[in-house]
2 protein chains.
Amino acid sequence: MNPDENNFNKQANFTVSVDNVIFSVDTQANRLLVLLVKNFQQLSENIWGLPETFVRQGESLQTASQRILAEKIWVKNLYLEQLYTFDQVNTDLSDLSENSQVNSIHLAVSYFALVRYEDTRLMADQVNSIAWYDLQKLPNLVSGHQPILAYGYQRLHNKLEYSPVAFDVLPELFTLGELYQFYTIVLGENFSDYSNFRSRLLKLGFLRDTHIKVSRGAGRPASLYRFDAIAFDQLKDKPLVFI
Amino acid sequence: MNPDENNFNKQANFTVSVDNVIFSVDTQANRLLVLLVKNFQQLSENIWGLPETFVRQGESLQTASQRILAEKIWVKNLYLEQLYTFDQVNTDLSDLSENSQVNSIHLAVSYFALVRYEDTRLMADQVNSIAWYDLQKLPNLVSGHQPILAYGYQRLHNKLEYSPVAFDVLPELFTLGELYQFYTIVLGENFSDYSNFRSRLLKLGFLRDTHIKVSRGAGRPASLYRFDAIAFDQLKDKPLVFI
DNA sequence: ACAAAAGTGTTGGTGTTACACCCATGG
DNA sequence: CCATGGGTGTAACACCAACACTTTTGT
C-alpha cells in the first residue's frame with residue numbers, strides 16, 4: 001500500500017539466513033541441551049554456532065528451517081516456530097564474502113525447536129561437527145548467536161508455562177513424575193510444588209490415566225498417563241496455566 | 001557456522017518490506033484504532049493496507065519501521081517492537097513488478113506500535129490517503145495484511161497483561177478510572193473487576209498519587225496518578241501481572 | 001436558592017479458588 | 001523409597017456493598 005513512490009533511495013540488497021535454536025531435554029542426565037555445530041576448518045578456535053543455512057530459491061522460511069534441522073539430526077517428534085528476525089548479525093560465515101554484495105544487509109530469521117532427545121540421531125558430515133551442549137556449560141559462540149540463543153531459551157521458558165509443547169516431545173506414555181522432572185529441568189528447581197503441579201494438571205482434564213503401573217527403580221509404581229489432544233483442543237479458548 | 005558449502009542450490013533473491021501495525025486508543029470515543037493507508041490510484045476499490053515500506057540501503061529494520069511511522073504520523077510518545085516475519089505475502093504493491101526479480105521471495109517483517117492518540121497528527125500526501133480505523137469496523141484489507149493485523153492485536157492484548165506499555169501512551173497524569181478505561185477498550189468489558197484492578201496496581205507500588213483532584217463532569221473528583229519508572233525498574237525481575 | 005437525586009471515585013467485606021507447605025498412606 | 005492423595009493457612013480474586021464528594025435536576 002505504501003511503495004517508495006520516489007525511488008531516490010535504492011532498496012537494499014539482502015542475504016537471508018535461517019538460524020535454528022534447537023532444544024532437547026535429557027531427562028536421564030537432568031540436562032537442558034542445545035544443538036551446536038562447528039566447522040572443521042575452525043577447529044583450532046573452539047567456537048561453535050547455531051545450525052544455520054541460506055534460504056534457497058523457491059523455499060519458504062519454515063521449509064529452510066526444517067531442511068537444516070533434517071540435515072543435522074534425525075528426529076521423530078518436534079515442535080517448531082519462528083522466533084525473531086535479527087538484522088546485521090555478524091555470522092562469521094566463511095563464504096559470506098563470496099555471497100555478500102556491496103551495501104547488502106544480512107537478515108537472520110531465527111527459529112525455535114524442541115525435539116525429543118531420546119529419538120534424535122546426530123548426523124555429522126565431512127565439513128561440520130555437531131553436538132548437544134548443556135545450556136549450563138556453553139562453549140564460545142559465534143558472534144551474534146548468543147542473543148538468539150538467549151531469546152530462544154526465554155521463548156521455551158514461556159511456552160512451557162502456557163502451552164502444551166512438552167507433550168510434543170515427551171514419550172507417548174509418561175508418569176507425572178517424568179512430566180514434573182521435564183518442567184524442573186527447563187524452569188529450575190523451585191518452579192512449583194509437585195503436589196500442586198499434579199492436581200493442577202489433572203484438573204485441567206486432558207491427561208488420561210492408563211492405569212498402567214511402572215516402577216522406575218525404588219518406590220511405589222507410578223501410573224502412566226497419556227496426553228489427550230482432542231480434550232485439549234476443546235480448552236484452547238480458555239487461558240491455560242501450567243505452572 | 002553452517003554455510004551451504006556445496007553451492008548446488010542457489011540462494012534466493014529477496015525483497016524485504018517492513019509492515020507496521022500501529023494501534024492507538026481513543027478514550028473519548030471508546031475505540032481501539034489501527035492506522036491504515038490507501039493509494040489514491042485504487043480509490044475505486046475500497047481496499048486499505050498497513051503502512052509499509054521497502055528497506056533501503058544502509059538502514060536497519062527498526063529504522064525502516066520508524067521511518068514509515070514518521071512519514072505517516074507525527075507523534076510524541078510511542079512503543080515499538082518487532083512482531084513476526086511473514087514470507088511470500090502478496091502485497092499488491094503497485095511497483096512490485098518493477099522491483100521483483102525472477103524466483104525472488106518477498107519477506108514482510110512486521111512491527112507493532114502503540115501511540116498516544118491525542119498527540120498524533122496524520123500526514124497525508126499526494127499519493128496516499130491515511131486514516132485511523134476502528135478495529136470493530138475494518139474495511140477490506142490488502143491480501144495478506146489481515147493475519148499481520150490479527151497477530152498485532154494479539155501481541156497488544158498480551159503486552160497489556162504483563163508489561164507497562166499503557167503508560168507509554170497514557171498522559172503523564174491520569175486517573176485510575178482512565179487507566180481502567182484504557183484496559184477495557186483493548187481487552188473488552190469484563191477483563192477484570194475495577195475494585196480489584198485498583199488495589200492490584202496500587203499494591204505493585206509504581207503508581208504515585210499526586211493528590212491533585214480532577215472532575216470529569218459529574219461525580220466525585222478523582223486523584224491524578226503518575227507512573228514511576230524508577231520504582232517499576234526495580235520490580236522488573238519479578239513476574240508482573242496487570243490483569 | 002435550596003434540597004433532593006444521580007453520577008463517579010474510593011474503600012471495605014465475603015465467599016471461592018489457587019497456591020505454598022506439610023503430612024499420611026500405599027505399593 | 002517414591003507415588004499419591006489430602007489437609008491447612010495464606011493470598012488473590014469475583015462479586016457485592018457502603019460511603020465520599022461532586023454535579024445535575026426539581027421546585
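Here the structure is a predicted model, which is why all the values come from computation and not from measurement. Residue numbers begin at 1 in each chain, while the letters A, B, ... track the order of the sequences.
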Next on the checklist: Below 4.0 Å from chain B heavy atoms, what is the first contacting nucleotide of DNA chain C and what is the last?
Outcome noted: C:dG7 to C:dG12

Checklist entry - Does any non-hydrogen side-chain atom of B:Gln82 lie less than 4.5 Å from one of B:Ser110? => result no

Checklist outcome for this item: Between B:Tyr111 and the options B:Ile22, B:Leu50, B:Ile148, B:Leu61, the side chain to side chain contact (heavy atoms under 4.5 Å, CB included) test singles out B:Leu61

Checklist entry - For the residue pair B:Trp48 and B:Tyr133, does the interplanar ring angle fall in the parallel (under 30°), tilted (30 to 60°) or perpendicular (over 60°) class? => result perpendicular

Checklist entry - B:Phe86 vs B:Tyr151 aromatic rings, parallel, tilted or perpendicular, using cut-offs 30° and 60°? => result perpendicular

Checklist outcome for this item: Separation of D:dT4 atom P from A:Leu202 atom CG, nearest Å, is 9 Å

Checklist entry - Just by distance, do the side chain of A:Ser223 and the backbone of A:Lys213 share a donor-acceptor pair under 3.5 Å? => result no

Checklist outcome for this item: From CG of B:Leu204 across to P of D:dA11 the rounded distance in Å is 16 Å

Next on the checklist: Which label fits B:Phe112 and B:Phe23: parallel for a plane angle under 30°, tilted from 30 to 60°, or perpendicular past 60°?
Outcome noted: tilted

Next on the checklist: With a sphere of 6.0 Å drawn around CG of B:Asn190, does it hold more than 12 non-hydrogen atoms of other residues, nucleotides or ligands?
Outcome noted: no

Next on the checklist: Quick check on the helix from C:dA1-D:dT27 to C:dG27-D:dC1: what's the angle between its two end axes, five base pairs per end, to the nearest 10°?
Outcome noted: 20°

Checklist entry - Which of residues 158-166 of chain B sit near DNA chain C, with a heavy atom under 4.0 Å from it? => result none

Checklist outcome for this item: With B for base contact, S for sugar-phosphate-only contact and - for none (protein heavy atoms under 4.0 Å), nucleotides 12-18 of chain D reads SSBBB--

Checklist entry - Below 4.5 Å, heavy atoms only, C-beta onward: do A:Thr27 and A:Leu170 meet side chain to side chain? => result no

Checklist entry - Would a 4.5 Å heavy-atom cut-off, applied to side chains only, mark B:Ile47 and B:Lys38 as touching? => result no

Checklist outcome for this item: Reading nucleotides 20-27 of chain D from 5' to 3' and marking B where a protein heavy atom lies under 4.0 Å of the base, S where only the sugar-phosphate is that close, and - otherwise, the string is BBBS----

Item to check | Option from B:Arg226, B:Arg208, B:Arg116 for which salt bridge (charged side-chain N to carboxylate O under 4.0 Å, His left out) with B:Glu172 holds | outcome: B:Arg226

Next on the checklist: Quick one about B:Glu81 and B:Tyr79 (side-chain donor to acceptor, distance below 3.5 Å, no hydrogens or angles considered), yes or no?
Outcome noted: yes

Checklist entry - Listed by chain and number, what are the salt bridge (charged side-chain N to carboxylate O under 4.0 Å, His left out) partners of A:Asp193, not counting sequence neighbours? => result none

Item to check | Worked check of side-chain contact (heavy atoms from CB on, under 4.5 Å) between A:Trp132 and A:Leu122 | outcome: CA-CA 9 Å; A:Trp132 288 114; A:Leu122 303 190; 3.6 Å; yes

Next on the checklist: Any donor-acceptor pair under 3.5 Å linking the side-chain atoms of A:Ser17 with those of A:Asp19?
Outcome noted: yes

Checklist entry - Which of parallel (below 30°), tilted (30 to 60°) and perpendicular (above 60°) describes A:Phe206 and A:Phe227? => result perpendicular

